[in-house]
Amino acid sequence: MVFREVEAHNNKTIESLLNQQRVMKKEESIIRRMLPNKAKISAKKGREPETVDLATINETFVNIFSFPRNSDFNSKLKEKARNAIVKKFQDFNLQTFTQEFKSSSYGDVIKGVNVIGIREGLHRGKVGDEILLIGAHYDTVSTSTGIDDNASGVVAMLEIARVLRFRKKPLNHTILFVAFDLEELGLWGSIAFIREYLLPKEIQRGVKFIGSYILDMVLNYDTSVNSQTLPNDFVLAIPGITTKLKSNKNRGDFISVWTRKNVDTPLFTALSNAWTQSNKSSKYKLIEFRAPLPSKNPSPNDLYRYGTFTRSDHASFWYHDVHSYADTLRAVLLTDMGPWRGVNMRCYHNWCDDKRRLTKQNLDFLKHTIQVMLTVLTDYPPNSIPKRRTTKRTTKKPLRRRRID
């Protein structure tokens, strides 16, 4: 296993969470509205599949994400991928924005760009508007094409947005699709998004935030015996999970969902309900990993002891550092466990995380996760309360007590 890469990434995310004031530059992000294409894109029947489609998914991987997306490697290639995401969002009739931000690493100023797509809900711009967020980072390290890490998460997000385009009836809730930049440097894109867009421009203006589903490495499916391992802090934190995996001969045949107890439960419950409805729920398993971390304000000792739980963009929602908003933000991470499964034990942050990962088995696994997420968004949204049936009230005569001698 690539222990050094794993440890280095953990340390970057923890340092960023502990030093958000220092990491983010003082100047405000630049939010740019990307105008729709003049040639209107229409979703015509027969021209494009209206359901989750393997050929479309594979084409997106190959055409957009088959090269590194890292400025140190080639800034032009990264910009090309970002522009392709912008165009996809526009084609899917999303209100599309870019967020240009600056972050600092011990004096070095680094620029990043998030891409935001908004699918307006029924109450957008009105009292009662609610937001669900689907997010995935699109950047890579300089030594990998990042097919699993994290083209898989972005491709899943794009396919969800594409299929929703064919739904004519608006959803009750607004959906934000966000492609985060600079996750590999320490969650900088998601930290900037929360501090300079989500909180000031949405939540603090009265929009209710339901929560976020973060997709990071969701492609790798491995049914081989002993293909699945666990990081040491997971073994310490969740003793029962080791037994659960052993009972399945340590196979990497599941999506893991990382949560905080009693905080992110509505998000996991909605996902679990949708997953159970699938006819492939026995083949593709869903396992919750509950972090032994507080809902907010973790100590440095907490973070370093259970650092693996904070190694992706969900942690920016868990532990944002915006003092004007005291509450935590709900978020869960969906992942194939990354460097602790199968081929990624040697290919994590390496050149072999490439197009060879696009097997039929892996793509079917990804397709299932996409279908379930669509079900969550359309049929099982978190916090949705079913309407009660109204029944005519009837007055009942009080029961006469029977005297017992």
Side-chain angles (χ1 to χ4, degrees), residues 132-136 152-153 156 210-223 227-278 280-296 298 302 305-319 328-341 365-366 368-377 379-384:
L132 261 175
L133 186 147
I134 310 296
S152 64
I210 300 174
S212 56
Y213 290 96
I214 303 300
L215 305 163
D216 193 349
M217 302 186 72
V218 286
L219 181 66
N220 189 17
Y221 179 75
D222 196 331
T223 58
S227 59
Q228 185 66 60
T229 61
L230 290 173
N232 292 332
D233 52 353
F234 273 43
V235 175
L236 292 171
I238 321 171
I241 208 71
T242 304
T243 304
K244 188 179 184 70
L245 295 187
K246 282 184 178 179
S247 68
N248 191 39
K249 297 184 178 180
N250 294 315
R251 292 184 172 95
D253 59 355
F254 62 89
I255 281 289
S256 65
V257 187
W258 300 8
T259 70
R260 292 164 297 170
K261 185 178 180 181
N262 299 328
V263 181
D264 308 307
T265 303
L267 297 175
F268 177 75
T269 300
L271 182 65
S272 180
N273 288 340
W275 199 280
T276 303
Q277 297 301 313
S278 167
K280 292 186 178 180
S281 59
S282 59
K283 179 179 180 180
Y284 303 125
K285 300 173 180 62
L286 186 74
I287 301 178
E288 181 183 16
F289 287 68
R290 287 184 181 175
L293 289 166
S295 60
K296 55 185 179 179
D302 288 332
R305 186 176 184 185
Y306 300 113
T308 303
F309 283 100
T310 64
R311 57 178 283 108
S312 191
D313 290 306
H314 65 289
S316 300
F317 294 82
W318 287 7
Y319 302 127
T328 186
L329 298 170
R330 288 178 182 163
V332 297
L333 172 69
L334 278 68
T335 178
D336 60 22
M337 294 299 294
W340 293 279
R341 177 176 297 176
F365 181 53
L366 179 62
H368 179 263
T369 300
I370 295 169
Q371 288 173 325
V372 171
M373 283 303 308
L374 280 163
T375 303
V376 169
L377 296 175
D379 299 333
Y380 293 95
N383 282 7
S384 61

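Since we're looking at a predicted model, the values are computed, not measured. Side-chain atoms are counted along with the backbone in the values below, which use heavy atoms only and exclude waters and symmetry mates.
- To the nearest 0.5 Å, atom CD1 of residue I255 and atom NE2 of residue H368 are 10.0 Å apart.
- Enclosure of atom CZ in R305 is not indicated, since only 12 or fewer non-hydrogen atoms of other residues, nucleotides or ligands lie within 6.0 angstrom.
- T259 pairs in a side-chain hydrogen bond (donor to acceptor under 3.5 Å, both in side chains) with only one of the listed residues (H314, E288, R330), which is E288.
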*Checking side-chain contact (heavy atoms from CB on, under 4.5 Å) for the pair L286/S272: CA distance, chi angles, key distance, verdict?*
CA-CA 7 Å; L286 186 74; S272 180; 4.3 Å; yes

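- Nearest heavy atom pair, residue L366 against residue S152, reads CD1-O, 4.0 Å.
- Between K296 and Y319, the shortest heavy-atom contact is CA-CE2, 3.7 Å.
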*side-chain contact (heavy atoms from CB on, under 4.5 Å) between L333 and F289, worked out*: CA-CA 10 Å; L333 172 69; F289 287 68; over 6 Å; no

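- Put simply, the side chain of D336 gets close to the backbone of L219: a donor and an acceptor are under 3.5 Å apart.
- The heavy-atom pair separating L230 from W340 by the smallest distance is C-CD1, 3.7 Å.
- The backbone N or O of Q371 sits less than 3.5 Å from a side-chain atom of T375, completing a donor-acceptor pair.
- Environment of NZ in K244: sparse, with no more than 12 heavy atoms of neighbouring residues, nucleotides or ligands closer than 6.0 Å.
- Shortest non-hydrogen contact noted between I238 and R290 is CD1-O, 3.6 Å.
- Counting heavy atoms from C-beta on, the side chains of S256 and R341 never come closer than 4.5 Å.
- Shown here for D233 and G307, the closest heavy-atom pair between the two residues is OD2-N, 3.4 Å.
- A 4.5 Å side-chain heavy-atom check between I134 and L132 finds every atom pair outside the cut-off.
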*Might you work through the ring-ring contact (aromatic ring centres under 6.0 Å, His included) test for W258 and F234, ending with a clear yes or no?*
CA-CA 11 Å; W258 300 8; F234 273 43; 4.9 Å; yes

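- Here the side chains of V376 and P382 are in contact, with some heavy-atom distance below 4.5 Å.
- For Y221 and Y284, the ring centers are positioned less than 6.0 Å apart.
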*Derivation of the side-chain contact (heavy atoms from CB on, under 4.5 Å) call for M337 and N220*: CA-CA 9 Å; M337 294 299 294; N220 189 17; over 6 Å; no

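- Between the T335 side chain and the D216 main chain, a donor and an acceptor come within less than 3.5 Å of each other.
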*Kindly determine whether W275 and T369 satisfy side-chain contact (heavy atoms from CB on, under 4.5 Å), including the steps that lead there.*
CA-CA 8 Å; W275 199 280; T369 300; 4.0 Å; yes

Donor-acceptor pairs under 3.5 angstrom involving side-chain atoms of residues 263-270: please list them, not counting sequence neighbours.
unit_1 : atom_1 : unit_2 : atom_2 : d
D264   : OD1    : R260   : NH2    : 3.0
D264   : OD1    : A331   : N      : 3.0
D264   : OD2    : R260   : N      : 2.9
D264   : OD2    : R260   : NE     : 3.0
D264   : OD2    : W318   : NE1    : 3.4
T265   : OG1    : N262   : N      : 3.3
T269   : OG1    : T265   : O      : 2.9

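- For the pair L293/T310, a side-chain contact is recorded, criterion being any heavy-atom separation below 4.5 Å from C-beta on.
- Between the side chain of N248 and the backbone N or O of N250 there is no donor-acceptor pair closer than 3.5 Å.
- Put simply, CZ on R251 and NZ on K285 are 8.0 Å apart, with the number rounded to the nearest 0.5 Å.
- For the pair I214/L133, a side-chain contact is recorded, criterion being any heavy-atom separation below 4.5 Å from C-beta on.
- Side chain of S227 to main chain of D222: a donor-acceptor pair is present (N/O by atom type, distance under 3.5 Å, no hydrogens or angles).
- The side-chain heavy atoms of V332 and L271, taken from C-beta on, include no pair separated by under 4.5 Å.
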